Peer 1: 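I'd like to ask you about the structure that follows.
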Amino acid sequence: MVEDLSCKKSKIIILGKPLVCRFCAHNVFIPYSTYMNVEDPGIEVYYQNYSAVCMKCGCVTQFWDPSGPNIDGTDYIWAFDQVLLSSAEE
């Protein structure tokens, strides 16, 4: 599992399921970290999300990192996995 996604052409897996474009059903993306201010303006408390651009149609899918401790708190579950693709693979 990965802690942060690289901004490279890849397949993204979240909790064991591949991310699939809702528009064209393609599964190759370039992910980007995005940040939003979750507090009142001026306080600057940022929350990290991700945006992934589909390599086939250009549709953007936004998602967050569901990684965290399991229900009983004894284990930490890493949610992301990323398979980097060379330019020849898809």
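Numbering starts at 1 and runs along the sequence shown. Being a predicted model, the structure only gives us computed values, none of them experimental.
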Peer 1: When rounded to the nearest 0.5 angstrom, what distance separates CD1 in Ile14 from CZ in Phe80?
Peer 2: 5.0 Å
Peer 1: If you look at every heavy atom in Tyr50 and Thr34, which pair is closest and at what distance?
Peer 2: N-OG1, 3.7 Å
Peer 1: Taking all atoms of both residues into account, what is the closest heavy-atom pair of Gln82 and Leu5, and its distance?
Peer 2: OE1-CA, 3.5 Å
Peer 1: Grab the two heavy atoms, one from Ile12 and one from Pro31, that are nearest each other, plus how far apart they are.
Peer 2: CD1-CB, 3.8 Å
Peer 1: With a 4.5 Å limit on heavy-atom distance, are the side chains of Cys54 and Thr61 in contact?
Peer 2: no
Peer 1: Going hydrophobic residue to hydrophobic residue with side-chain gaps under 4.5 angstrom, can you get from Ile13 over to Leu85?
Peer 2: yes
Peer 1: Treating Asn70 as the side-chain partner and Asp75 as the backbone partner, does any N or O pair qualify as donor plus acceptor under 3.5 Å?
Peer 2: yes
Peer 1: Under a single-linkage definition using a 4.5 Å side-chain heavy-atom cutoff for Ile, Leu, Val, Met, Phe, Trp and Tyr, are Phe23 and Val60 assigned to the same hydrophobic cluster?
Peer 2: no
Peer 1: Taking C-beta and beyond as the side chain, do Cys59 and Cys24 meet within less than 4.5 Å on heavy atoms?
Peer 2: no
Peer 1: I'd like to know if Ile77 and Leu19 are part of one continuous hydrophobic network [Ile/Leu/Val/Met/Phe/Trp/Tyr, side-chain heavy atoms within less than 4.5 Å].
Peer 2: yes
Peer 1: How close do Ser67 and Ala79 get, counting heavy atoms only, and between which atoms?
Peer 2: OG-N, 2.9 Å
Peer 1: Of all the heavy-atom pairs spanning Lys11 and Val28, show the shortest one and how long it is.
Peer 2: CE-CG2, 4.1 Å
Peer 1: Which atoms form the tightest heavy-atom contact between Cys7 and Tyr32, and what is the distance?
Peer 2: SG-CD2, 3.8 Å
Peer 1: Once rounded to the nearest 0.5 Å, what's the spacing between atom CD1 of Ile30 and atom NZ of Lys8?
Peer 2: 11.0 Å
Peer 1: To the closest 0.5 Å, what do you measure between CG (Asn27) and NZ (Lys56)?
Peer 2: 10.0 Å
Peer 1: Stepwise, does the side chain to side chain contact (heavy atoms under 4.5 Å, CB included) test hold for Val83 with Ser10?
Peer 2: CA-CA 5 Å; Val83 178; Ser10 58; 5.7 Å; no
Peer 1: Quick one, Ser51 and Phe63 - any side-chain contact, counting heavy atoms below 4.5 Å?
Peer 2: no
